[in-house]
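Everything on this sheet refers to the single structure shown next.
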2 protein chains.
Amino acid sequence: MKARVTVKLKPGVLDPQGRAIRQALETLGFTGVEDVRVGKVIELELAEGTPRATVEDMARRLLANTVIETFEVELA
Amino acid sequence: MKARVTVKLKPGVLDPQGRAIRQALETLGFTGVEDVRVGKVIELELAEGTPRATVEDMARRLLANTVIETFEVELA
């Protein structure tokens with residue numbers, strides 16, 4: 001089975017990578033870009049029947065830094 | 001309006017970050033993790049009415065390296 005964990009910075013946490021992308025897009029001539037935030041997607045191939053709680057545990061313990069990041073788990 | 005660009009490594013492209021995560025999960029006692037792939041999510045706040053083609057153009061020219069990465073655009 002597949003699981004996808006999306007990790008994003010919490011609102012209010014500074015995102016220098018997003019800011020750099022915004023400026024680069026402007027330099028390339030893309031106008032109207034108001035904000036850019038960058039996150040991670042971690043796709044896991046897991047043993048069949050792995051419960052959501054286990055994936056959430058993985059996210060909390062390793063994949064996300066919950067002080068500054070939030071995460072979302074999707075199972076497929 | 002919001003747009004989300006998800007950038008993933010193409011299948012077959014080595015993912016050392018994913019491999020490191022897999023090993024770390026194993027070290028933490030999570031068993032049955034067969035594969036881990038890491039990608040990026042870029043969330044853009046754009047001017048109302050920005051066409052999908054423009055976002056795809058941003059992805060092709062800046063956000064993804066299309067030699068080794070694929071991208072997906074979602075508009076919201």
Side-chain angles (χ1 to χ4, degrees), chain A residues 1-11 13 15-65 69-74 76, chain B residues 1-11 13 15-65 69-74 76:
Chain A
M1 63 174 280
K2 280 183 187 294
R4 173 190 282 216
V5 180
T6 308
V7 179
K8 291 189 224 175
L9 285 170
K10 286 186 180 170
V13 177
D15 183 354
Q17 197 185 356
R19 178 165 286 222
I21 289 175
R22 189 166 78 109
Q23 286 179 352
L25 286 172
E26 216 170 280
T27 306
L28 286 173
F30 293 105
T31 53
V33 181
E34 282 152 40
D35 195 28
V36 181
R37 306 281 288 174
V38 182
K40 281 179 290 184
V41 215
I42 299 116
E43 293 191 323
L44 304 139
E45 182 63 50
L46 299 170
E48 221 43 61
T50 305
R52 173 180 289 270
T54 303
V55 184
E56 285 174 356
D57 206 26
M58 291 176 185
R60 247 187 305 270
R61 291 181 60 195
L62 181 73
L63 306 175
N65 174 352
E69 293 170 329
T70 58
F71 66 86
E72 241 172 77
V73 171
E74 293 159 82
Chain B
M1 61 176 281
K2 280 184 186 294
R4 172 190 283 216
V5 180
T6 308
V7 179
K8 291 190 223 175
L9 284 171
K10 286 185 181 171
V13 176
D15 183 353
Q17 197 185 354
R19 177 165 286 223
I21 288 175
R22 188 166 78 108
Q23 285 178 354
L25 286 172
E26 217 170 279
T27 306
L28 287 172
F30 294 105
T31 54
V33 182
E34 282 151 40
D35 195 29
V36 180
R37 307 279 289 172
V38 183
K40 280 179 291 185
V41 215
I42 299 116
E43 294 191 323
L44 304 138
E45 182 63 50
L46 299 170
E48 222 42 63
T50 304
R52 172 180 289 270
T54 302
V55 184
E56 286 174 355
D57 206 27
M58 291 175 184
R60 248 188 304 272
R61 291 181 62 195
L62 182 72
L63 307 176
N65 174 352
E69 294 170 328
T70 57
F71 64 85
E72 241 172 76
V73 170
E74 293 158 83

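Quick note on labels: first sequence line is chain A, next is B, and so on, each numbered from 1.
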message: Tell me which of these, A:T50, A:I42, A:L63, has more heavy-atom pairs under 4.5 Å with chain B than the rest.
response: A:I42
message: Counting only heavy atoms not in B:R19 (residues, nucleotides, ligands), do more than 12 fall under 6.0 Å from its CZ?
response: no
message: To the closest 0.5 Å, what do you measure between CG (B:D15) and CD (A:E43)?
response: 10.0 Å
message: Could you tell me if the side chain of A:V38 sits less than 4.5 Å from the side chain of B:V41, heavy atoms only?
response: no
- prompt: In this structure, are over 12 heavy atoms from other groups packed under 6.0 Å from A:R22 atom CZ?
  reply: no
- prompt: Should B:V33 and A:L46 count as side-chain neighbours, where that means a heavy-atom distance under 4.5 Å?
  reply: yes
- line: Most contact-rich option vs chain A, by heavy-atom pairs under 4.5 angstrom, among B:G39, B:G18, B:A47, is B:G39
query: Around A:E26, counting heavy atoms of other residues, nucleotides and ligands shown, do more than 12 lie under 6.0 Å from its CD?
result: no
- request: State, to 0.1 Å, how close B:T6 and A:R4 come at their nearest heavy-atom pair, and which atoms those are.
  value: CG2-NH1, 4.5 Å
task: Sort A:T31 into side chain, backbone, both or neither according to what part of it lies under 4.5 angstrom from a heavy atom of chain B.
output: neither
task: Mind listing the closest non-hydrogen atom pair of A:I21 and B:L62 along with its distance?
output: O-CD2, 3.9 Å
- line: Here the pair of heavy atoms bringing A:D57 nearest to B:F30 is OD2-CZ, 3.7 Å
- prompt: Non-hydrogen atoms of chain B under 4.5 Å away: do they reach the side chain of A:K2, the backbone, both or neither?
  reply: neither
- request: Could you tell me the separation between the CD atom of A:E34 and the CD atom of B:E48, rounded to the nearest 0.5 Å?
  value: 8.5 Å
